[in-house]
Structure formats: C-alpha cells, structure tokens
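Notes follow once the structure below has been shown.
Everything quoted here is computed from the prediction, not taken from an experiment.
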Amino acid sequence: EAIRKDATIASLNDKIRNSDVLANTFTKLLFNLEHSWRIYDPIFEFKRMGVPNHQWKISDANQRYELCSSYPSVLAFPKYATDNMLAGSAKFRSKGRIPTLTWMNPKNNCTICRSSQPMVGLANNRSLDDEALVSEIQRCSQPDLRRASNEPGDYPNSMLSPVNNNSTALFFQDNNTTSIESDAHSQQQQMVNSWRLPYVIVDARPLLNAKANQAVGKGVESTKNYENVFVLFMDIANIHSARKSMESLEDALLDDNLWLRSLEASGWMNHVYKIMTGANKIAHCVANENLSVLVHCSDGWDRTAQLTSLSMLLLDEYYRTFVGFIVLIEKEWISFGHKFADRSGCVDGVADGWKDDERSPVFQLFLDCVHQCLVQFPNSFEFNQNLLLFLMEYAHCGWFVNFMFNSERDLRTHLYKPEGENDQPPQTPQTISIWAVVLANRDLFINKNYLPPSNSSPLNPVVAKCKLVVWSEWFLRWNDRLWGASWLDTLNQQLGDLHHLKKPFPINGSVQNNAKVASAVFHLLNGYGHNQTRENNHNQVVKWADDKSTTSCTKCNKTFSFFWRRHHCRCCGQIFCESCTRDLRIIPSISNWRPSRCCTDCAKMIDQSDGESNASSNLSLYDGVLRDATVYDD
C-alpha cells in the first residue's frame with residue numbers, strides 16, 4: 001500500500017521532474033492524465049473487429065466480475081450462448097476463465113479465443129455446457145458464415161443455436177434414447193461435422209505437464225467429447241523454468257569467458273524460440289488455413305497472454321502502430337488478468353530478486369519476442385525499441401499502477417477507491433498511468449523508418465535459433481559502464497615493463513623513443529585506476545577490479561572464502577567483503593531509480609554530493625531480506 005501511495009500525483013511531482021525520461025513533461029502528463037486511462041476502450045476495440053454482428057454479441061455477464069473475477073467486465077460470446085451455458089462452463093474451467101472471443105479476422109471471420117484448462121481429472125469429467133460453448137464458438141468462427149442469413153435456422157447446424165436455457169439438453173441427448181428424434185439428431189450432427197472446418201485448441205504447455213495436471217483434477221480437452229477439434233501442444237515451459245532462466249542469464253553476464261556457453265545453458269533464448277514458434281503457428285492457422293483457434297495454458301494468464309498477444313501482433317497491422325501496441329497490452333495483459341503483482345512482486349515492496357515462487361519474467365519474455373520481430377521487420381512497426389526498453393525498466397518500478405495488480409477488478413478498485421468512508425468514488429483516476437508518460441514522450445518512441453503496410457498480410461518472422469539475437473540493449477546495457485578489465489591490467493603491466501627499456505622501436509615507419517610512447521599510454525590507461533575513480537564523479541564509467549586476482553577485502557583485508565564472498569562496489573569498481581558493501585545508493589551511471597551496491601566510502605561520497613534530500617531515500621542492503629539478492633550479488 002505504501003508503494004501504491006507513492007504513485008499519487010502529489011508524491012510523483014519531484015520524481016517526475018528529476019527523471020531523465022520524464023523531465024520537462026509534467027504539463028503534458030497532466031494533459032494526458034485522463035486520456036491515458038481511456039486509451040483502451042473494449043467496446044470500441046470490438047467494434048473495430050466487427051463485433052457485435054449476427055454471430056457474436058458483447059455480453060454484460062461479467063459486468064460485476066461475478067462470472068470470473070480475473071476476466072474483464074466486457075466480454076464477447078456467440079450470440080446464442082445463454083447465461084446458463086456460460087455459468088456452467090465457468091464451473092468446469094480453472095479459475096472460471098471460460099472460452100471467450102479476443103480477436104476476429106475481418107477477412108475470413110476466423111477467431112482467436114482464450115480460456116484456461118478444463119477440469120477433466122483422472123475420471124475424464126465433462127461439462128455439457130462447456131462443450132456446447134466451444135461448439136457454438138466453432139460454429140460462429142467458420143470462414144464462410146458471414147454470407148449466411150441472420151436466422152440461426154438457415155445454418156446447417158441450426159440445432160446448435162440455443163433458443164432457451166435448456167438448449168444444451170436438446171443438444172446432448174441420452175445415449176440410450178432410441179427415438180426418431182435422436183436418430184435424426186445423430187444424422188444431422190454427422191452432416192454438420194463433415195461440413196465444418198476443424199477447430200484448433202492450442203495448449204501452451206508440454207504434453208507431459210498437461211497429463212500431470214490431469215492427476216490433480218485438471219487437464220486438457222478430450223477429442224472424444226469435443227467433436228471436430230484437434231489439440232496442439234506448444235511445449236512452452238512454466239513460470240518456474242522462466243524464472244530460473246532469468247537467474248542463470250544474470251549469472252552468465254558476470255563471466256565473459258564462458259558467455260556463449262552460459263547463454264545457451266540458461267535456456268532464455270529457448271523460451272523465446274518456443275513462444276515465437278507457437279505464435280507463428282497460430283497466425284498461420286488463422287491467416288492461411290482459415291482455422292480458428294482456442295488458446296489456453298494452465299490458468300490462462302501467463303503463456304496464454306504471450307501467445308495471443310504475439311500472434312495478434314503478427315496478424316493485425318493495427319497492433320503494430322504506436323497506439324495499437326498500447327491497446328494490445330491493455331487488452332491481452334492488463335484487462336485479461338495477467339498477474340502482474342505476483343509476477344513482479346511489487347505488492348510486497350521488497351526487492352529480493354526472483355526468489356519468490358510466484359515471480360517470473362513472463363511479460364519480459366513477451367517484450368523480448370517483440371524485439372525479435374523489430375529486428376527482422378524494422379520498417380513494419382510504428383514504435384521503436386525505446387518503447388520496449390522503457391516498459392522493461394519502468395513497468396515494475398512502483399511509479400505506475402498499470403502493472404501493479406493481478407486483474408482489472410483489483411486495478412479499478414484502487415483507481416476509484418474513495419478517500420474516506422463517507423466519500424463518493426472519484427469520477428477520474430487520481431494516479432498517473434504509464435501511458436501518460438509514453439504519450440508525452442511520443443517522439444522518443446516513434447520509429448522514423450515506419451512504412452504503413454500496403455496490404456493486411458501478416459508478418460511471418462523466421463523462427464530459427466540462428467536468427468534469434470540477444471537483446472543487447474537490455475541484457476548488456478551495463479557492459480559499457482561496468483566491465484571486468486583484467487586485460488587492461490595486463491596491458492598496463494606490459495607497458496610498464498616497456499617504460500624501463502631504452503631501446504628504440506619503429507612506429508609508423510619512424511624511429512621514436514619507446515619510453516615516451518609507453519609512458520603516455522601508461523598514464524592514459526592508469527586514469528581508470530582506483531584513486532582516480534574515487535576522485536571522479538559517480539556518473540563516470542567504472543573499471544571493475546579483477547576478482548580472480550583479489551584474495552582479500554580492499555578495506556578490512558579480510559580473506560575471502562567460500563562462505564565469505566567477494567562483492568564489487570558499483571561506484572569505484574573495487575572488491576570488498578559483504579560487511580564493507582552493505583549500502584545501496586542511486587548511481588546515475590547504472591540506473592536513475594534502482595539502488596546499486598556500493599562500499600561505505602563511496603556511499604558517504606554519494607551522500608555528500610547528492611545532499612541530505614537524496615540521502616534519506618537510500619536503502620540499507622543488510623536487512624536480512626536483500627542480503628542474498630541475485631540482482632545485486634556478483
């Protein structure tokens with residue numbers, strides 16, 4: 001709650017004016033404040049896709065979040081899906097996240113829907129309401145239905161269009177019934193299935209994981225119960241594997257000698273490869289095969305959001321525009337209930353790295369996939385890489401509430417919460433949206449080489465591991481500021497030896513005194529030494545001391561061991577023990593908002609240079625929680 005209060009307009013005044021990205025934009029922020037919260041309108045977005053129409057309707061069944069608390073209040077379903085059918089399906093789906101429309105292709109009427117896994121279990125449970133809902137979605141997503149009449153009786157599968165709350169009972173007859181009506185129904189059903197194109201259910205999980213979930217009462221759709229469907233498994237690992245890959249990648253950045261091997265061992269690029277492969281398959285089904293898709297993972301808010309949002313980015317040129325990309329994130333991530341609070345840990349307000357089991361870089365993986373598309377199609381996106389970098393850095397800093405809640409309901413509860421018990425809820429949000437900053441700095445995030453597409457053909461990135469690149473602007477962004485310079489020490493030593501020689505040697509075809517040349521280069525390189533760095537301002541580039549040649553703390557001379565670790569000071573670059581590097585300070589050469597580890601002497605120097613106003617906001621690392629943080633440890 002303390003972090004959320006820091007996002008109020010009053011408390012953000014000083015932060016905004018002191019930030020590099022937000023400087024001189026406070027007036028623009030106030031102008032964009034109200035507009036930024038309304039940049040995504042679900043009704044307008046559905047109308048852009050042609051919904052409502054004679055097949056689909058915009059439903060208010062979840063207006064009070066009673067159908068599903070983690071879904072948005074505005075949803076789209078087949079026109080003849082009844083409230084009873086929706087309620088029955090919600091009981092059969094994990095967390096109540098029923099199949100619902102999220103995107104429609106206006107060209108061929110094919111759709112992308114999303115949900116969570118069904119509660120099948122080892123007993124192979126089934127829900128007639130859920131099967132009827134999936135069948136209705138399949139019927140409404142056939143590529144030639146737009147040419148048909150508005151009357152449900154004109155369709156070949158008219159018996160699937162419910163006209164009352166007992167329609168599911170009409171659709172699923174008892175197997176023991178031998179009446180003429182049942183025989184006619186069976187024949188008509190066979191005709192419908194032969195006429196329909198198959199429906200694709202994309203399960204983001206590996207097949208083994210889906211079977212394991214079935215042992216705990218969940219699982220995957222059975223092709224015996226859901227007729228004319230087939231299931232594709234995308235083999236995308238869960239949030240725990242993604243978290244471990246991020247931790248391994250951070251460790252790999254510390255050892256330049258084994259960088260390529262450590263990068264492969266971390267598995268991060270493999271996650272990117274699997275997600276992009278899955279999105280490519282979905283886009284191919286919808287655009288080229290005229291097949292509609294239902295996407296889900298376990299609970300439908302992590303890997304499902306990655307696949308649906310990335311596939312829509314490939315299919316719809318609107319989402320590749322500056323405003324469209326904002327709408328895509330608002331719709332698929334924030335509105336449909338990605339658990340930002342749990343995945344980032346911003347609710348706890350503790351920067352202890354990625355130690356909590358619920359934390360995972362799910363949204364960061366999506367942004368990395370978008371970066372891969374930007375690399376392959378540099379002229380197809382109206383926004384540039386700066387927007388992705390801005391979201392990576394500021395989405396979880398605690399300034400903006402957009403990415404601090406687990407659902408749309410929780411976000412709205414906070415935005416429109418009255419100040420007192422008897423006060424009325426405010427008409428407009430009283431906190432700043434991150435999109436207000438983005439809109440105010442539009443010129444920084446616009447791609448100058450953007451070429452609007454002449455046709456609406458989807459993007460088809462080459463998904464091969466040899467084509468994927470490491471996002472150096474993010475993962476390697478500190479390498480030009482903090483870097484191990486053992487090679488520089490070796491060169492200094494060699495030049496120092498040359499300094500004592502008196503023999504001339506040829507340079508550029510002329511004979512010069514090597515002592516003068518060596519001395520000049522030697523003093524130039526020595527300008528990055530420890531004493532010189534201490535005298536410089538803490539905005540300067542830092543040379544890191546070689547940890548392999550250092551056996552004791554620079555300050556207290558305590559010998560390092562397996563249990564007494566080495567730690568670099570991010571300000572001076574020297575190596576200290578844990579007791580001598582307990583402080584965290586804002587070092588502008590590293591980050592303008594994230595505190596970094598530094599020694600006690602540098603902490604005093606920064607406090608003196610920054611003044612008492614900034615000293616009060618600094619943190620102490622040695623509090624038992626941040627002690628073993630991967631983010632700050634070497």
Side-chain angles (χ1 to χ4, degrees), residues 42-43 46-47 49-63 66-68 71-93 96-106 108-115 118 126-173 181-182 184-186 188-199 201 221 225-229 292-294:
I43 302 296
F46 277 126
K47 288 183 178 180
M49 295 182 288
V51 178
N53 53 38
H54 62 281
Q55 293 292 335
W56 296 91
K57 66 179 180 180
I58 298 178
S59 173
D60 59 352
N62 200 42
Q63 185 175 8
E66 296 177 351
L67 185 66
C68 177
Y71 261 5
S73 59
V74 179
L75 296 171
F77 297 105
K79 186 174 182 180
Y80 298 102
T82 64
D83 291 343
N84 287 352
M85 183 189 298
L86 300 179
S89 177
K91 296 177 181 179
F92 188 66
R93 291 283 172 170
R97 297 173 68 88
I98 63 177
T100 182
L101 176 69
T102 184
W103 186 78
M104 174 183 288
N105 190 344
N108 58 8
N109 196 45
C110 291
T111 62
I112 296 178
C113 296
R114 60 183 294 174
S115 69
R126 60 184 299 186
S127 169
L128 302 184
D129 289 315
D130 189 74
E131 293 170 24
L133 178 59
V134 173
S135 181
E136 271 292 281
I137 293 176
Q138 181 183 6
R139 180 184 69 82
C140 295
S141 302
Q142 292 299 309
D144 57 345
L145 286 184
R146 285 207 166 191
R147 303 184 183 93
S149 170
N150 292 343
E151 295 298 328
D154 291 341
Y155 296 114
N157 52 342
S158 59
M159 73 288 184
L160 299 184
S161 300
V163 295
N164 55 53
N165 293 338
N166 297 322
S167 59
T168 55
L170 297 176
F171 176 66
F172 294 99
Q173 301 289 340
E181 291 80 1
S182 178
H185 176 275
S186 177
Q188 193 173 15
Q189 177 64 29
Q190 293 178 0
M191 179 191 68
V192 169
N193 290 337
S194 63
W195 174 80
R196 284 183 181 175
L197 289 176
Y199 193 56
I201 297 179
E221 291 85 353
N225 298 331
Y226 296 84
E227 297 183 1
N228 201 25
V229 304
S292 296
V293 179
L294 171 63

Does a side-chain heavy-atom distance below 4.5 Å link S127 with R93?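 The answer is no, as the side chains (C-beta and beyond) never meet within the 4.5 Å cut-off.
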
What heavy-atom pair brings [X] and [Y] nearest, and what distance separates the two atoms?
| X | Y | value |
| --- | --- | --- |
| C140 | N109 | O-ND2, 3.0 Å |
| P78 | K57 | O-CE, 3.5 Å |
| P72 | N62 | O-ND2, 2.8 Å |

Would Y199 and L294 count as a side-chain contact (heavy atoms from CB on, under 4.5 Å) here? Give the steps. CA-CA 8 Å; Y199 193 56; L294 171 63; 3.5 Å; yes

May I ask you to say whether R139 pairs ionically with E227, meaning some side-chain N is under 4.0 Å from a carboxylate O?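 Looking at R139 and E227, the cut-off is not met.
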
Pick from L133, I201, L101: which one makes a side-chain contact (heavy atoms from CB on, under 4.5 Å) with C113?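 Among L133, I201, L101, the one meeting side-chain contact (heavy atoms from CB on, under 4.5 Å) with C113 is L101.
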
Applying the side-chain contact (heavy atoms from CB on, under 4.5 Å) criterion to F77, which one of I137, I98, V51 satisfies it?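 Exactly one candidate clears the test, I98.
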
Can N53 and M104 be said to form a side-chain contact (heavy atoms from CB on, under 4.5 Å), step by step? CA-CA 12 Å; N53 53 38; M104 174 183 288; 4.1 Å; yes

Quick one: does Q142's side chain have a donor or acceptor within less than 3.5 Å of a partner on L197's backbone?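 Indeed, once roles are kept as given, a pair shorter than 3.5 Å links the two residues.
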
Without swapping roles, check the side chain of S292 against the backbone of C110 for a donor-acceptor pair under 3.5 Å.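 Not confirmed, S292 side chain does not pair with C110 backbone.
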
Could you work out, with side-chain contact (heavy atoms from CB on, under 4.5 Å) as the rule, every residue matching P42, not counting sequence neighbours?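 side-chain contact (heavy atoms from CB on, under 4.5 Å) check on P42 returns Y40, V74.
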
Under the side-chain contact (heavy atoms from CB on, under 4.5 Å) test, which residues partner P198, sequence neighbours left out?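 By the side-chain contact (heavy atoms from CB on, under 4.5 Å) rule, P198 matches N228, F230, L291.
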
Value rounded to 0.5 Å, distance of [atom1] in [X] from [atom2] in [Y]:
| X | Y | atom1 | atom2 | answer |
| --- | --- | --- | --- | --- |
| E136 | Q55 | CD | CD | 8.5 Å |
| D83 | L67 | CG | CG | 8.5 Å |
| S73 | E66 | OG | CD | 12.5 Å |
| S59 | L86 | OG | CG | 6.0 Å |

Set of side chain to side chain donor-acceptor pair (under 3.5 Å) partners for W103, sequence neighbours left out: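 Testing W103 for side chain to side chain donor-acceptor pair (under 3.5 Å), a comparison that skips the adjacent residues, returns D316.
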
According to side chain to side chain donor-acceptor pair (under 3.5 Å), who are the partners of S89, at least two apart in sequence or on a separate chain?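 Listed in chain order: D130.
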
How would you list, by chain and number, every residue that makes a ring pair (Phe, Tyr, Trp, His ring centres under 6.0 Å) with Y71, sequence neighbours excluded?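 Partners of Y71 under the ring pair (Phe, Tyr, Trp, His ring centres under 6.0 Å) test: F336.
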
Could you list the residues that satisfy salt bridge (Lys or Arg N to Asp or Glu O under 4.0 Å) with R114, not counting sequence neighbours?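 In terms of salt bridge (Lys or Arg N to Asp or Glu O under 4.0 Å), with neighbours along the sequence ignored, R114 is linked to E332.
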
